[in-house]
A.B. asks: 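One structure follows; several queries about it will come next.
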Amino acid sequence: TDGNSIGVVTAVQADGKILVGGNFAFANGTEKFGLVRLNSDGSLDNTFNVGGVGPNSIVYEIKVLGDGKIIIGGGFGTYNGTTIQGLARLNSNGTLDTTFNVGGVGVQGAVQGISIQADGKYVLTGGMNAYNGTPKFSVIRVNTDGTLDTSFTSPFAGQVFVEQSGLQTDGKIIIGGQFATGAYNNFARLTTTGALDTTFNAGSTGSSGPIFQTHVLADNKILLGGPFGAINGTARNGMARLNADGTLDATFTPSPTNFNSPEYVAVKPNGQYVYAGDLRDNAGDFFPIALVNTDGSLDG
């Protein structure tokens with residue numbers, strides 16, 4: 001991308017090619033809007049055909065499906081000139097999958113995150129207040145054909161900001177963002193029907209600041225990232241790990257203690273965590289990415 005543009009999200013395909021979404025108009029000097037695919041060596045993959053325009057605004061989320069199709073979420077209103085708001089499914093070559101039916105309106109608001117359930121349904125999170133004209137707030141579930149899953153009811157009665165979701169092995173949904181609902185501040189767990197799961201023990205104060213990332217690990221523990229300073233009153237600056245039941249995992253003690261505002265987290269095959277964003281060490285020095293061991297210590 002050029003110097004005035006940003007890439008927000010990446011996804012790696014099984015063949016090693018890399019999808020990049022964000023808010024940009026050029027990639028490697030070629031006019032490309034919001035979504036591109038790179039070859040494994042970083043060169044532009046010109047076989048990926050988003051058309052003359054592609055998404056007309058920012059792409060926040062990309063997921064590659066098992067059949068090679070691609071689902072994207074963001075703040076766009078059209079894809080290559082076709083009206084489709086906030087959520088679209090693409091064929092593997094980048095063209096719009098017209099069998100995916102979000103209706104005449106689609107998402108009202110922006111899709112920030114997408115989680116894919118075992119049954120193929122999509123859990124959407126973001127600053128949303130309706131889906132194809134039906135009032136739905138901040139957490140929405142969509143059937144595999146793009147229609148609204150009316151069996152899923154958001155726990156929110158109005159629009160709040162839910163940044164990300166993650167799925168535990170029993171299908172329950174971890175959400176994080178900037179909200180207060182019931183006894184839950186900025187992170188919570190939902191049942192498979194969208195209700196607040198009151199067995200989830202986030203404590204009386206939850207997170208002291210927004211949660212940008214909720215990454216569910218293989219053992220159902222939960223990695224959090226964001227500009228917070230404490231989890232249920234215990235100091236944790238920017239990153240924390242929860243037990244599967246929502247309590248703070250005291251065996252994960254981050255160092256340095258000040259991580260400011262991590263925006264992304266990923267897990268390496270060896271189990272280490274990669275954090276990225278506005279990271280600061282104890283001296284206040286900035287670094288954009290950090291490799292973290294499973295006990296919270298920095299690798300190097």
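These numbers come from the heavy atoms of this one structure, side chains and all, not from hydrogens, waters or symmetry mates. Residue numbers start at 1 and run along the sequence shown.
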A.B. asks: If hydrophobic clusters are built by linking Ile, Leu, Val, Met, Phe, Trp and Tyr wherever their side-chain heavy atoms come under 4.5 Å apart, do Phe33 and Val50 end up in the same one?
C.D. replies: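 No; tracing contacts between hydrophobic side chains, which count when under 4.5 Å, never links both residues.
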A.B. asks: Identify whether Tyr60 and Ile175 are in the same connected component of the hydrophobic contact network (ILVMFWY, side-chain heavy atoms under 4.5 Å).
C.D. replies: no
A.B. asks: Between Thr199 and Lys172, does a side-chain contact (heavy atoms from CB on, under 4.5 Å) hold up when you go through it step by step?
C.D. replies: CA-CA 11 Å; Thr199 68; Lys172 290 184 177 181; 4.2 Å; yes
A.B. asks: For the residue pair Arg141 and Ser151, what are the closest heavy atoms and their distance?
C.D. replies: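 Smallest heavy-atom distance, with atoms named: NH2-OG, 3.5 Å.
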A.B. asks: Shared ILVMFWY cluster between Phe137 and Ile174, side chains joined below 4.5 angstrom?
C.D. replies: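 In one cluster: yes.
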A.B. asks: Which heavy atom in Thr294 sits nearest to a heavy atom in Phe252, and how many Å separate them?
C.D. replies: O-CD1, 3.4 Å
A.B. asks: Between atom CG of Leu291 and atom CD of Gln272, what is the distance when rounded to the nearest 0.5 Å?
C.D. replies: 4.0 Å
A.B. asks: Quick one, Asp149 and Val142 - any side-chain contact, counting heavy atoms below 4.5 Å?
C.D. replies: no
A.B. asks: Examine Leu124 and Ile116 and state if one hydrophobic cluster contains both, with Ile, Leu, Val, Met, Phe, Trp and Tyr joined whenever side-chain heavy atoms are less than 4.5 Å apart.
C.D. replies: yes
A.B. asks: At their closest point, which heavy atom of Ala110 faces which heavy atom of Gly75, and how far apart are they?
C.D. replies: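 Reported closest heavy-atom pair: CB-CA, 4.2 Å.
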A.B. asks: Just so I know, are the side chains of Arg37 and Gln13 near enough to count as touching, which here means a heavy-atom distance under 4.5 Å?
C.D. replies: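 Sidechains of Gln13 and Arg37: in contact.
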A.B. asks: Can you find a side-chain donor-acceptor pair between Asn201 and Thr247 that sits under 3.5 Å?
C.D. replies: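 No pair is found: no donor N or O on one side chain lies under 3.5 Å from an acceptor on the other.
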A.B. asks: Show the numbers, then the answer: is there a side-chain contact (heavy atoms from CB on, under 4.5 Å) between Leu44 and Leu38?
C.D. replies: CA-CA 5 Å; Leu44 194 62; Leu38 307 179; 4.0 Å; yes
A.B. asks: For a quick test of reading the model, state the closest non-hydrogen atom pair linking Pro155 to Gly194 and the distance between them.
C.D. replies: CD-O, 3.3 Å
A.B. asks: Evaluate the side-chain proximity of Leu224 to Phe212: yes if any heavy-atom separation is below 4.5 Å, no if none is.
C.D. replies: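 The answer is no; the side chains never approach within 4.5 Å.
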A.B. asks: Roughly how far apart are Ile211 CD1 and Leu223 CG, rounded to 0.5 Å?
C.D. replies: 11.0 Å
A.B. asks: Is a donor on one side and an acceptor on the other found under 3.5 Å between the side chain of Asn143 and the backbone of Leu148?
C.D. replies: yes
A.B. asks: Pairing donors with acceptors under 3.5 angstrom, does anything connect the side chains of Ser165 and Ser115?
C.D. replies: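 Result is yes, a qualifying pair exists.
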A.B. asks: I want to check something: taking the side chain as every heavy atom from C-beta on, are Lys17 and Val64 in contact at a cut-off of under 4.5 Å?
C.D. replies: no
A.B. asks: For Asn293, is there any backbone N or O sitting under 3.5 Å from a side-chain donor or acceptor partner on Asp299?
C.D. replies: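 No; judged by distance alone, with no hydrogens or angles, the pair does not exist.
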A.B. asks: Examine distances only and state if a side-chain atom of Arg236 and a backbone atom of Thr253 form a donor-acceptor pair shorter than 3.5 Å.
C.D. replies: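 Answer holds: no.
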A.B. asks: Less than 4.5 Å apart, any side-chain heavy atom of Leu279 and any of Pro262?
C.D. replies: yes
A.B. asks: Drop me the distance from Leu190's CG to Leu196's CG, to the nearest 0.5 angstrom.
C.D. replies: 6.0 Å
A.B. asks: Test ring pair (Phe, Tyr, Trp, His ring centres under 6.0 Å) on Phe179 and Phe156; report intermediate values, then the result.
C.D. replies: CA-CA 9 Å; Phe179 57 81; Phe156 303 106; 5.3 Å; yes
A.B. asks: For Val53 and Asn80, work out which heavy atoms get closest and say how close.
C.D. replies: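 What the structure gives for the nearest pair is N-OD1, 3.4 Å.
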A.B. asks: Evaluate Asn49 against Thr95 for side chain to side chain donor-acceptor pair (under 3.5 Å), listing each step before the verdict.
C.D. replies: CA-CA 6 Å; Asn49 179 24; Thr95 57; over 6 Å; no
A.B. asks: Decide side-chain contact (heavy atoms from CB on, under 4.5 Å) for Val216 and Lys221; before the verdict, give the C-alpha distance in whole Å, the side-chain angles of both, and the deciding distance to 0.1 Å.
C.D. replies: CA-CA 6 Å; Val216 178; Lys221 289 187 177 183; over 6 Å; no
A.B. asks: Determine, using the 4.5 Å side-chain heavy-atom cutoff (strictly less than), whether Phe100 and Phe48 are members of one ILVMFWY cluster.
C.D. replies: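 Both belong to a single hydrophobic cluster.
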A.B. asks: Are the side chains of Ile222 and Gln168 in touch, meaning some heavy atoms are under 4.5 Å apart?
C.D. replies: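 SC-SC contact between Ile222 and Gln168 confirmed.
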A.B. asks: Could you verify whether a donor N or O on one side chain and an acceptor N or O on the other, from Ser207 and Asn185, lie under 3.5 Å apart?
C.D. replies: no
A.B. asks: Quick check: does any side chain N or O of Lys136 sit under 3.5 Å from a backbone N or O of Phe152, one acting as donor and the other as acceptor?
C.D. replies: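 Side chain of Lys136 to backbone of Phe152, a donor-acceptor pair under 3.5 Å: yes, one is there.
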A.B. asks: For Gly127 and Phe161, which heavy atoms make the closest approach, and how far apart are they?
C.D. replies: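 Heavy atoms of Gly127 and Phe161 come nearest at N-CD1, 4.2 Å.
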A.B. asks: Does any N or O in the side chain of Glu61 come within less than 3.5 Å of the main-chain N or O of Ile114, such that one atom is a donor and the other an acceptor?
C.D. replies: yes
A.B. asks: Whether the side chain of Ser208 engages the backbone of Ala230 through a donor-acceptor N/O pair (distance < 3.5 Å, no angle test) should be reported.
C.D. replies: yes
A.B. asks: Would you check if Val274 and Val267 make a side-chain contact, meaning some heavy-atom pair closer than 4.5 Å?
C.D. replies: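 Counting from C-beta outward, Val274 and Val267 never come under 4.5 Å.
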A.B. asks: Could you tell me whether a side-chain N or O of Asn91 sits under 3.5 Å from a main-chain N or O of Asn93, the two making a donor and an acceptor?
C.D. replies: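 Answer holds: no.
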A.B. asks: Okay, side chain of Asp245, backbone of Phe200: is any donor-acceptor separation there less than 3.5 Å?
C.D. replies: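 Not at all, since once roles are kept as given, no pair shorter than 3.5 Å links the two residues.
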A.B. asks: Can Val111 and Met128 be said to form a side-chain contact (heavy atoms from CB on, under 4.5 Å), step by step?
C.D. replies: CA-CA 7 Å; Val111 176; Met128 305 171 291; 3.8 Å; yes
A.B. asks: So how far is it from Leu248 CG to Asn243 CG, rounded to the nearest 0.5 Å?
C.D. replies: 7.5 Å
A.B. asks: About how many Å separate NE2 of His215 and CG of Leu217, when rounded to the nearest 0.5 Å?
C.D. replies: 5.5 Å
A.B. asks: Are Leu35 and Ile62 close enough that some pair of their side-chain heavy atoms sits under 4.5 Å apart?
C.D. replies: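 Sidechains of Ile62 and Leu35: in contact.
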A.B. asks: Any side-chain to backbone donor/acceptor pair from Asn132 onto Val105? Under 3.5 Å, distance only.
C.D. replies: yes
A.B. asks: Is there a donor-acceptor pair closer than 3.5 Å between any side-chain N or O of Gln108 and the backbone N or O of Tyr131?
C.D. replies: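 Here the side-chain-to-backbone pair does not exist.
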A.B. asks: How about Tyr273 and Arg241: does a side-chain donor come under 3.5 Å of a side-chain acceptor?
C.D. replies: yes
A.B. asks: Give a yes or no on whether the ring-centroid distance for Tyr275 and Tyr264 is below 6.0 angstrom.
C.D. replies: no
A.B. asks: Can you measure from CD1 (Ile173) to OG1 (Thr191) and round to the nearest 0.5 angstrom?
C.D. replies: 7.5 Å
